[in-house]
Amino acid sequence: MSDLLSTLNPAQQEAVRHFEGPALVVAGAGSGKTRTVVHRIAYLMRERRVYPSEILAVTFTNKAAGEMKERLVRMVGPQAKELWVATFHAAAVRILRVYGEYVGLRPGFVIYDEDDQNALLKEVLKELELEAKPGPFRAMLDRIKNRGEGLSAFLKEAPDYIGGVPKEVAAEVYHRYQKALRSQGAVDFNDLLLLTIELFEGHPEVLRKVRQRARFIHVDEYQDTNPVQYRLTRLLAGEKPNLMVVGDPDQSIYGFRAADIQNILRFTQDYPEARVIRLEENYRSSRPILQVANAVIEKNALRLEKVLRPTKEGGEPVRLYRAPNAREEAAFVAREVVRLGGYQGIAVLYRTNAQSRLLEEHLRRAGVPVRLVGAVGFFERREVKDLLAYARVAVNPADGINLRRIVNTPPRGVGASTVGKLADYAQKAGVSLYEAFCSAQQVLSRPQPVLAFVELLQELMEAAFESSPVAFFEQVLEATGFREALREEPDGEERLQNVEELLRAARDWEVEEGGSLSEFLDSVALTARAEEPQGQAPAEAVTLMTLHNAKGLEFPTVFLVGLEENLLPHRNSLSRLEDLEEERRLFYVGITRAQERLYLSYAEERETYGRREYTRPSRFLEDIPRELLWEVGAFGEAPAPPSHPPAKPEKALHQGFKGGEKVRHPKFGQGTVVAAMGEEVTVMFPGVGLKRLALRFAGLERLE
DNA sequence: TTAAATGTAATTTTT
DNA sequence: TTACATTTAA
């Protein structure tokens with residue numbers, strides 16, 4: 001059936017028809033990436049006679065997985081149910097729920113989220129009587145576990161002191177953390193992937209089985225894979241990989257979470273026989289917007305050459321507004337929004353969450369409904385987490401972190417000192433905190449409240465087995481007087497609303513997915529930050545969010561605000577070249593969200609932590625040819641009076657050379673200047689890599 | 001045990 | 001400035 005191809009452009013068709021072997025699809029922003037993957041999967045089934053039960057598609061978010069699945073159902077019908085479409089983590093959970101015991105997991109293991117991890121880490125620090133702040137240790141844990149190379153590799157590279165303690169002590173923190181996780185029957189997000197790797201490596205027969213279920217593999221957003229996901233992908237793909245990775249190095253913005261852009265850049269080295277397909281036709285944005293996007297991203301060195309080509313004709317010029325201060329910038333946005341109307345299609349994007357405040361304030365004042373995305377995720381609200389903690393303890397009483405969380409929530413006279421005594425006892429006796437609770441009689445002089453709590457828990461444990469999630473939560477609410485306690489608190493009404501929202505979410509889940517309480521918890525753990533429940537969000541509103549949150553979305557009108565040095569690029573990203581390029585990609589991602597209308601703005605003065613700061617326009621604005629920008633005045637359309645051009649940084653930091661220039665080096669040959677600072681230039685030499693060179697000695701020759 | 005007071009640090013955050 | 005976490009007082 002040719003209709004799978006007829007609506008696609010030639011590059012998309014090539015991707016869809018690709019059959020066996022590795023392939024890299026470099027999919028520019030708005031190039032119909034998902035569409036291509038979906039068609040490819042359908043094509044595999046229809047034309048290549050591949051069973052849906054042999055196809056795996058990995059995405060990074062549940063939202064993406066859900067969308068892909070939905071489109072596939074529409075395209076190929078109910079067979080799509082047999083396809084395996086999941087996030088890395090969800091796929092891992094599915095595997096570990098079956099084979100987890102092979103790698104030492106107990107059947108009812110729970111997944112610890114970020115809060116739980118932090119709480120556990122704090123306990124470990126306390127146990128070791130370290131006064132140190134958890135921050136540096138948290139970073140250490142993430143680093144070790146994101147790379148998956150183990151502790152020893154980390155210790156070789158680590159500085160001598162971590163968080164003020166010798167790194168050998170820090171190593172002990174790591175050990176204890178891991179041990180504590182396991183003894184509580186818990187895993188963190190990284191463990192899900194690491195243990196799956198361990199499972200595959202130690203049990204080839206399991207790997208073989210899973211491979212049968214994944215003969216054709218797709219990995220979406222490949223530029224965002226971290227080293228562990230990379231290894232997992234390679235393991236799964238095996239010797240003769242039918243592996244199609246899809247992504248865009250120019251949209252790699254999660255380096256700080258250990259995503260390694262090199263994974264996609266190196267793909268053709270990993271798989272020399274790989275076919276490379278570039279999707280460069282853009283169906284989203286008008287020509288002027290794409291011209292700006294191309295001009296910006298072209299200055300990066302760490303990328304695969306690619307130019308977005310418009311398919312839309314015409315379009316308004318990109319506007320630039322220079323505001324005297326951040327307030328005026330926000331006021332400008334609000335005025336323009338009011339003038340445009342149609343709030344639904346408008347987004348205001350910024351680098352840091354702190355910027356949202358002013359914007360929200362001014363928009364609200366102008367009577368504009370606002371949807372703030374991503375501040376505090378629904379499942380992260382305290383009262384919601386409290387209720388979930390009951391469920392997690394009921395499923396797995398060994399979970400000390402969540403046990404601590406609920407023991408006095410709502411208050412029942414079991415405070416920190418009581419829990420401390422019980423924890424000491426647990427430690428000495430080598431039992432779990434829960435078991436210590438059960439022995440309260442021997443530990444406490446007034447064990448009554450604790451014993452009553454234990455009794456409650458025992459009822460809940462039974463309920464966890466027998467009841468549906470909704471019934472379980474009802475029972476918790478009933479038995480603990482949760483609602484009544486909430487009502488007493490400030491913001492009680494809102495918190496109660498959230499509780500009701502959780503019940504509704506559980507009810508929806510029962511209808512759509514169905515399953516045990518434990519399965520519900522998995523699903524919550526894996527979707528955590530995701531979508532806001534429908535309840536509160538106004539239907540028609542302007543969307544406010546960070547650039548990171550905007551990835552994958554599109555809006556007819558986009559405001560990109562705060563385009564200033566120290567904000568974008570952020571001050572913490574100025575010193576390292578890779579970070580600076582990531583900041584540029586962030587800008588690029590922002591630009592490419594816009595379909596028809598794009599506003600760029602910066603303020604000459606902004607308050608940071610209550611201090612007034614004078615700012616300079618972002619260096620990225622310099623990358624945009626003047627003729628592509630239309631400078632507007634405070635009231636919109638009128639071209640601004642004579643204005644300063646998007647100003648240059650105060651002093652030229654470079655001598656002669658400038659980012660983007662082509663040069664020749666006597667030894668490394670031709671390259672592109674990535675950055676120039678003082679006496680030093682950094683040059684990307686294709687095939688050689690990045691080199692930092694001293695201007696005086698390098699003997700660089702400018703090519704034009 | 002809880003509430004007020006003080007100190008401190010402040011990017012981004014798919015799972 | 002403000003959000004939070006820990007300390008201190010009631």
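Quantities reported herein were computed from a predicted structural model and do not represent experimental measurements. Below, chain A is the first sequence line, B the second, and so on; all start at residue 1.
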Pair Arg611(A), Glu607(A) - check salt bridge (Lys or Arg N to Asp or Glu O under 4.0 Å), show working. CA-CA 5 Å; Arg611(A) 220 180 256 294; Glu607(A) 279 187 9; over 6 Å; no

Considering just the side-chain nitrogens and oxygens of Asn353(A), establish if one lies under 4.0 Å of OP1 or OP2 belonging to dT12(B). yes

Take the protein atom CG of Leu586(A) and the nucleotide atom C1' of dT13(B), then report the distance between them rounded to whole Å. 12 Å

OP1 or OP2 of dT15(B) under 4.0 Å from side-chain N/O of Asn226(A): no

If you find the nucleotide of DNA chain B closest to Asp579(A) and the one closest to Asn408(A), which residue's nucleotide is nearer the 5' end? Asn408(A)

Taking atom C1' of dT12(B) as reference, at what distance in whole Å does atom OH of Tyr350(A) sit? 12 Å

What contact category does Val414(A) fall into here, base, sugar-phosphate, or nothing, at under 4.0 angstrom with non-hydrogen atoms? sugar-phosphate

Between Leu232(A) (CG) and dT15(B) (P), how many Å, whole number? 17 Å

Could you work out, with side-chain hydrogen bond (donor to acceptor under 3.5 Å, both in side chains) as the rule, every residue matching Asp260(A), not counting sequence neighbours? none

Give the ring-plane orientation class for Phe60(A) versus Phe88(A), where under 30° counts as parallel, over 60° as perpendicular and anything between as tilted. perpendicular

Considering just the side-chain nitrogens and oxygens of Asn572(A), establish if one lies under 4.0 Å of OP1 or OP2 belonging to dT12(B). no

Among dT11(B), dT15(B), dT13(B), the one nearest Leu526(A) by side-chain distance: dT15(B)

Which residues share a side-chain hydrogen bond (donor to acceptor under 3.5 Å, both in side chains) with Asp250(A), sequence neighbours left out: Arg303(A), Lys306(A)

Does any part of the side chain of Glu554(A), heavy atoms only, come nearer than 4.5 Å to the side chain of Arg593(A), both counted from C-beta? no

Length of the line joining Glu578(A):CD and dT11(B):P, which is rounded to integer Å: 21 Å

Selection from dT2(B), dT15(B), dT13(B) that lies nearest to any side-chain heavy atom of Thr546(A): dT13(B)

Answer with yes or no whether the side chains of Tyr614(A) and Asn325(A) bring together a donor and an acceptor at under 3.5 Å. no

Is there a stack between Phe60(A) and dT15(B), judged by ring centres under 5.5 Å and planes under 30°? no

Check whether the side chains of Tyr254(A) and Glu582(A) place a donor and an acceptor atom closer than 3.5 Å, and report yes or no. no

With a 4.0 Å cutoff (strictly under), does any side-chain N or O of Thr608(A) reach OP1 or OP2 of dA10(B)? no

Restricting to side-chain contact (heavy atoms from CB on, under 4.5 Å), what partner residues turn up for Ser601(A), sequence neighbours left out? Tyr321(A), Glu329(A), Val561(A)

Does OP1 or OP2 of dT12(B) have a side-chain N or O of Asn549(A) closer than 4.0 Å? no

Could you walk me through whether Glu383(A) and Asn498(A) pass side-chain hydrogen bond (donor to acceptor under 3.5 Å, both in side chains), step by step? CA-CA 7 Å; Glu383(A) 58 282 7; Asn498(A) 288 331; 2.7 Å; yes

Tell me the interatomic distance from Lys145(A), atom NZ, to dT15(B), atom C1', rounded to whole angstroms. 13 Å

At 4.0 Å (heavy atoms only), tell me whether Asp224(A) reaches a base, stays on the sugar-phosphate, or touches nothing. base

Roughly how far apart, to the nearest Å, are dT13(B) and dC4(C) at atom P? 15 Å

What nucleic acid atoms does Glu221(A) come within less than 4.0 Å of, heavy atoms only: base, sugar-phosphate, or nothing? nothing

Closest listed nucleotide, where the reference is the side chain of Phe256(A) and the choices are dT15(B), dT2(B), dT12(B): dT12(B)

Measure CD/Gln229(A) against P/dT15(B) and give the value in whole Å, please. 12 Å

Judged by each residue's nearest nucleotide on DNA chain B, which is more toward the 5′ side, Glu583(A) or Pro411(A)? Pro411(A)

Map every base of DNA chain B to its dot-bracket character, where paired means a Watson-Crick or G-U wobble contact with both distances under 3.5 Å and | marks a partner outside the strand. ||||||||||.....

With B for base contact, S for sugar-phosphate-only contact and - for none (protein heavy atoms under 4.0 Å), nucleotides 1-6 of chain C reads BSS--S

Does the aromatic ring of His89(A) sit over the six-membered base ring of dT15(B), closer than 5.5 Å centre to centre and tilted less than 30°? no

For atom CG of Asp115(A) and atom P of dT15(B), their distance in whole Å: 15 Å

Could you check whether Arg404(A) pairs with Glu123(A) (Lys NZ or Arg NE/NH1/NH2 to Asp/Glu carboxylate O, under 4.0 Å)? yes

Strictly by salt bridge (Lys or Arg N to Asp or Glu O under 4.0 Å), give each pair with a member in residues 86-100 of chain A just once, sequence neighbours left out. Arg97(A)-Asp522(A)

Using whole Å, report how far CZ of Arg576(A) lies from C1' of dT11(B). 14 Å

